[in-house]
Trainee: 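To start, I am sharing the structure in question, which I have written as structure tokens.
In each ligand, atom 1 is the first atom listed, and ligand 1 is the first ligand listed. Residue numbers start at 1 and run along the sequence shown.
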Amino acid sequence: MTYADDLGSTEPRCPDCGVVMRGEEGGWTCPSCRRFDPVEQGPLPPSFEGPSIHGG
Ligand SMILES: [Zn+2]
């Protein structure tokens, strides 16, 4: 699948791994290498339903 004209809402990719980075509060985090790219206006944090899944 290709997203040629959908860069406006496409999630950024890790420059090291090339995987889609996950939106975190204040930036983007690579789920592979844990690289964190801070941004001035980060994406809205996902709606938390219940306790955090990430234990520790
Ligand atoms: Zn990475």
Side-chain angles (χ1 to χ4, degrees):
M1 299 175 68
T2 56
Y3 301 92
D5 293 31
D6 193 27
L7 299 177
S9 59
T10 303
E11 296 176 318
R13 290 177 178 271
C14 177
D16 295 331
C17 309
V19 301
V20 178
M21 303 183 74
R22 298 173 58 180
E24 301 287 349
E25 187 174 357
W28 297 88
T29 300
C30 175
S32 182
C33 69
R34 311 301 296 178
R35 174 193 176 99
F36 181 74
D37 281 350
V39 293
E40 294 182 0
Q41 289 185 333
L44 295 177
S47 302
F48 290 101
E49 296 182 1
S52 176
I53 301 176
H54 306 282

Trainee: At less than 2.8 Å, how many protein N/O/S atoms surround the Zn ion (ligand 1)? Leave waters out.
Mentor: 4

Trainee: Are Val19 and Trp28 grouped together when hydrophobic residues (ILVMFWY) are joined by side-chain heavy atoms under 4.5 angstrom apart?
Mentor: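 No, it is not one cluster - the side chains of Val19 and Trp28 are not joined through contacts under 4.5 Å.
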
Trainee: Show the atom names and distances, to 0.1 Å, of all donor-acceptor pairs under 3.5 Å that link a side chain in residues 29-36 to residues at least two apart or in another chain.
Mentor:
residue, atom, partner, partner atom, Å
Arg35, NE, Asp37, OD1, 3.0
Arg35, NE, Asp37, OD2, 3.3
Arg35, NH1, Asp16, OD2, 3.1

